[in-house]
Amino acid sequence: MPRANRQVSPKQALRFCETLANRYCRTGAILLIIGTATGMAWGLTQSGFSRALAAAMTGLPGGSATFIAVSIVAFTILGSVLEGIPAIVLFGPLLFPIARAVGVHEVHYAMVVILAMGIGLFAPPFGVGYYAACAIGRVDPAEGVRPIWGYLLALMVGLIVVAIFPWISIGFL
């Protein structure tokens, strides 16, 4: 049966305090990153960028293939500076009707958008998730860039395959 009034040595107390301090520092770093991304979302909303992007994508030549390609680039960039939910809330209502109008299935377009934002989330140099992962893993972001490129390349190949072959995402509907 464990004892309720166990003695704690000064060394154990110091180690516990150091652990708490490290956890608080990491939590603060992650919250700072998320707060910055939220501020970026607010700035994009106020500037009218989402409507300008939707207007530019409406007039693209080349039909659905060009629309998907531009969407991949746009959402990869947006995914690196915004959290996923603000990006979808800002751009989803504007771009999903355009996707439907050019002949892209809604589920297929949603898969492409989510995959592109996921790549942007961990893409250096701006990826919000990349910096959060570096803070959690205690890795200098400059040191973590080299190992992540193979991972990002594999994700990009997967995204391109899903974008080219819509039946991967809508084949079982």
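We use all heavy atoms of the structure for the numbers below, so side chains are in, but hydrogens, waters and symmetry mates are not.
- Residue I77 holds its CD1 atom at 12.5 Å from CD1 of I119, rounded to the nearest 0.5 Å.
- Residues I72 and A163 approach most closely at CD1-CB, 3.8 Å, considering heavy atoms.
- Scanning all heavy atoms of the two residues, the minimum distance from I168 to V161 falls at CD1-CG1, 3.6 Å.
- Here L31 is tied to no hydrophobic group at all, with no ILVMFWY side chain closer than 4.5 Å.
- Rounding to the nearest 0.5 Å gives a distance of 10.0 Å between CD1 of I136 and CZ of R23.
- Between the CE atom in M117 and the CG atom in L78 there is a gap of 8.5 Å [rounded to 0.5 Å].
- Both I164 and I68 are assigned to one and the same hydrophobic cluster, defined by single-linkage of ILVMFWY side chains at heavy-atom distances under 4.5 Å.
- Distance check, rounded to the nearest 0.5 Å: CE of M156 to OH of Y151 gives 12.0 Å.
- Applying the ring-ring contact (aromatic ring centres under 6.0 Å, His included) rule to pairs touching residues 92-116 yields F67-Y109, F96-Y109, sequence neighbours excluded.
- Legend: side-chain hydrogen bond (donor to acceptor under 3.5 Å, both in side chains) pairs involving residues 110-138, not counting sequence neighbours: none detected.
- Residues L115 and L155 fail the side-chain proximity criterion, which asks for heavy atoms closer than 4.5 Å.
- Both W167 and V104 are assigned to one and the same hydrophobic cluster, defined by single-linkage of ILVMFWY side chains at heavy-atom distances under 4.5 Å.
- By the rule that hydrophobic residues join a cluster once side-chain heavy atoms approach within less than 4.5 Å of another member, L121 and L153 end up as members of separate clusters.
- The two residues S80 and A123 come nearest to each other via the heavy atoms CB-O, 4.5 Å.
- Residues L95 and F75 meet the side-chain proximity criterion, which asks for heavy atoms closer than 4.5 Å.
- Shortest non-hydrogen contact noted between Q7 and Q12 is O-OE1, 4.2 Å.
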* May I have the step-by-step check of side chain to side chain contact (heavy atoms under 4.5 Å, CB included) for N22 and T19, ending in yes or no? => CA-CA 5 Å; N22 287 335; T19 302; 5.7 Å; no
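- The same ILVMFWY cluster, assembled from side-chain heavy atoms under 4.5 Å apart, contains both V145 and F122.
- Residues W149 and I160 share a hydrophobic cluster, clusters being chains of Ile/Leu/Val/Met/Phe/Trp/Tyr side chains in contact below 4.5 Å.
- A side-chain donor-acceptor contact under 3.5 Å links T66 to the backbone of P61.
- The shortest heavy-atom contact between C134 and P141 is SG-CA, 3.9 Å.
- Rounded to the nearest 0.5 angstrom, L159 CG and I114 CD1 are separated by 11.5 Å.
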